Amino acid sequence: MYRDKLTAMPWVGRFWEYSVCNGMLIPLEGEVGWEYPEGTRLYFKGRTTEIHYEFAC
């Protein structure tokens, strides 16, 4: 879909398949996109396959 001018569009993110990892609930799958009047246009869709993090002190 082509638009001839810059137009600010709202974003939406959907996340699912949550899992507890080191006591923190995190989504393993999700998608993000722009909300057009015609419907959502996805920008990113992905699945977490590995995660490493540490809590700040």
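Hydrogens, waters and symmetry mates are skipped; everything else that's a heavy atom, side chains included, is used. Every value quoted in this text rests on a predicted model; they were computed, and no experiment measured them.
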- [ ] Mind checking side chain to side chain contact (heavy atoms under 4.5 Å, CB included) for W34 and listing every partner two or more places apart, or none if nothing turns up?
- [x]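 Scan of W34 (side chain to side chain contact (heavy atoms under 4.5 Å, CB included), adjacent residues dropped) gives M9, W11, Y36, Y43.
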- [ ] Write down the atom of C21, the atom of I26, and the distance for their closest heavy-atom approach.
- [x]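 Of all heavy-atom pairs spanning C21 and I26, the closest is CB-CD1, 4.1 Å.
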Open item on the list: Tell me whether F15 shares a hydrophobic cluster with V20, the cluster being built from Ile, Leu, Val, Met, Phe, Trp, Tyr side chains joined at under 4.5 Å.
Closed with: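 F15 and V20: one cluster.
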TODO: Verify the cluster assignment for M24 and L28: are they in a single hydrophobic cluster under the rule of side-chain heavy atoms below 4.5 Å apart?
DONE: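 Yes, because M24 and L28 connect within a single hydrophobic cluster, where side-chain heavy atoms sit under 4.5 Å apart.
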Open item on the list: For a side chain to side chain contact (heavy atoms under 4.5 Å, CB included) check, start with the C-alpha distance between T40 and V12, then their side-chain angles and the critical distance, and finish with the verdict.
Closed with: CA-CA 8 Å; T40 303; V12 64; 4.0 Å; yes
Open item on the list: I'd like to know if R41 pairs up with E31 as an ion pair, taking the criterion as any Lys NZ or Arg NE/NH1/NH2 lying under 4.0 Å from an Asp or Glu carboxylate oxygen.
Closed with: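 Looking at E31 together with R41, the answer is no, because their closest N to O distance does not fall below 4.0 Å.
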Using residues 44-51 as the side-chain source, report each donor-acceptor pair under 3.5 Å to any protein atom, sequence neighbours left out, with the distance given to one decimal.
| from | atom 1 | to | atom 2 | distance (Å) |
| --- | --- | --- | --- | --- |
| R47 | NH1 | E17 | OE1 | 3.4 |
| R47 | NH1 | E17 | OE2 | 3.4 |
| R47 | NH1 | E29 | OE2 | 3.0 |
| E50 | OE2 | H52 | NE2 | 2.7 |

